Amino acid sequence: MPRIRLHLPGGSGPDRSYDILVRPGVIGEIGPTLAGYGVRRTVVLVDAAVEATHGSAVLESLRGKNIDAFTIAVPSGEGSKTVDEAARIWESMAHRAVDRQTHVVAVGGGVVGDLAGFVAASFARGLPVWQVPTTLMAQVDSSIGGKTGVNLAAGKNLVGAFWQPLGVFTDIDTLVTLPDREFRSGLAEVVKYGMILDGELFSWLEGHAESILARNAGALTRVVERSAAIKAGVVEKDEREQNGLRAALNYGHTFAHAFETASGYGAMLHGEAVSIGMHCAARLAESLGRIGPDVVDRQRRLLEALRLPLAAPKSGSSPDSLIAIMLRDKKSVAGTLRFVLPSRIGRVDLVDGIDAAAVRHVLG
Ligand code: NAD
Ligand code: GLY
């Protein structure tokens, strides 16, 4: 299944459906594809760590079709997902006379994808954007679905916009250079898909942890394709997180965002925080009688098999300070705690009004 179509019919507006092309070497198709859209000019926002490799492959493909392309490199890491970095890019684009005919191409992981998407959504009131994810996290999750944004000191992703790409080029070959810790971080979101929607995927992951960690090409292709298809399926049913379906993708994330905010952005990788967050969420669900210990154990064993963490390093953040951060999370409503909690493997519910004492208990 090399092409996944995310359907977003426009209603009274234009159709915003797009393709997620998953195949080795697909980076080379960027130039021809954009030329097919009549694109003449692009700005390539690229993670500095991959500028010389995947960034230059993107430039070569664009220029091969006589598409004008200039690059703005973004320093690697979560510390770049800021209003300041967005402003630096806006200024630089203004100096290069970027106009509404210029397309943005985001090359990198979730940090560059989220930042570039936000810059595209906001510059000149909106430029078309294409995503070229080069981390597992970005290929299975962040490049799909149009959530873009930056962090504030007060909380993760608090400023942003829904801004769908025109297409996603997912080249599994780019993962060859990805460090192991970053690779494992992306696997947390794959476990998440199994927990929230696909018990069969969860069981398959349990049986293939070693070949996944060894980055066996077949296993990796299956992981990326299945995850991208699940994410696309959710987004097309609930683009703006309005009917509860997309909210399921936030399983483990209320805890995760609090850990990331409290520990200082970048200290903990996003997927590591999600892994710890899912373990907390499962224990919370167990303490509320929603699941038995067997579900907590199966999830714990799979996370351990994929060498993902289950507990945050002792940082000195008290449970109460973490809860205060959770109350500022976009997912909380009217000052009450709201969590996505499992009812079995492959199914979760959005649960409102959870008592802070129960949350304090799993954080303690
Ligand atoms: P990242 O973008 O920081 O990339 C991880 C590291 O890998 C960086 O150091 C980067 O320089 C490096 N890198 C990237 N591609 C590489 C490659 N091919 N080879 C070698 N090194 C490479 O982190 P990430 O895990 O990709 O993304 C995390 C971010 O994504 C977080 O900010 C998170 O909030 C966001 N996110 C967003 C969504 C969404 O729906 N928008 C979903 C999930 C996560
Ligand atoms: N990663 C959460 C979402 O896209 O909704």
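Remember, it's a predicted structure, so these values are computed and weren't measured experimentally. Numbers for residues simply follow the sequence, beginning at 1. In each ligand, atom 1 is the first atom listed, and ligand 1 is the first ligand listed.
Between the side chains of Asn250 and Glu241, a donor-acceptor pair is found at a separation under 3.5 Å.
In this structure, atom 1 (N) of ligand 2 lies nearest to the protein heavy atom Asp141 OD1, 3.4 Å.
Proximity of Pro179 to ligand 1, defined as any heavy-atom pair under 4.0 Å, is confined to the side chain (atoms from C-beta onward). Residue contacts with ligand 1 for Leu178 involve both N, CA, C or O and side-chain atoms from C-beta outward (heavy atoms, distance under 4.0 Å). Of all the heavy atoms of Glu182, the ones lying under 4.0 Å from any atom of ligand 1 belong exclusively to the side chain. Residue-level proximity to ligand 1 for Thr134 is carried by backbone and side chain together, each with a heavy atom below 4.0 angstrom.
The atoms of ligand 2 that sit less than 4.0 Å from any heavy atom of Lys231 are 1 (N), 3 (C), 4 (O). Close approach to Lys147 involves these atoms of ligand 2, each under 4.0 Å from a residue heavy atom: 2 (C), 3 (C), 4 (O), 5 (O). The atoms of ligand 1 that sit less than 4.0 Å from any heavy atom of Ser76 are 9 (O), 11 (O).
Heavy-atom separations between Lys231 and ligand 1 include at least one value shorter than 4.0 Å. Within the 4.0 Å heavy-atom shell around ligand 1 one finds Lys156.
Here's the thing with Asp114: one of its N/O atoms is less than 3.5 angstrom from an N/O atom of ligand 1. Below 3.5 Å of separation, one finds no N or O of Glu189 facing any N or O of ligand 1. Of the polar atoms of Thr177, at least one N or O is found under 3.5 Å from an N or O of ligand 1, judged by distance alone. Taking any N or O of Thr135, backbone or side chain, at least one lies under 3.5 Å from an N or O belonging to ligand 1.
In the candidate list Gly145, Ser142, Ser80, Ser142 is nearest to atom 39 (C) of ligand 1, counting heavy atoms. For atom 29 (C) of ligand 1, the nearest non-hydrogen atom from the set Ala273, Gly110, Gly77, Gly109 belongs to Gly110.
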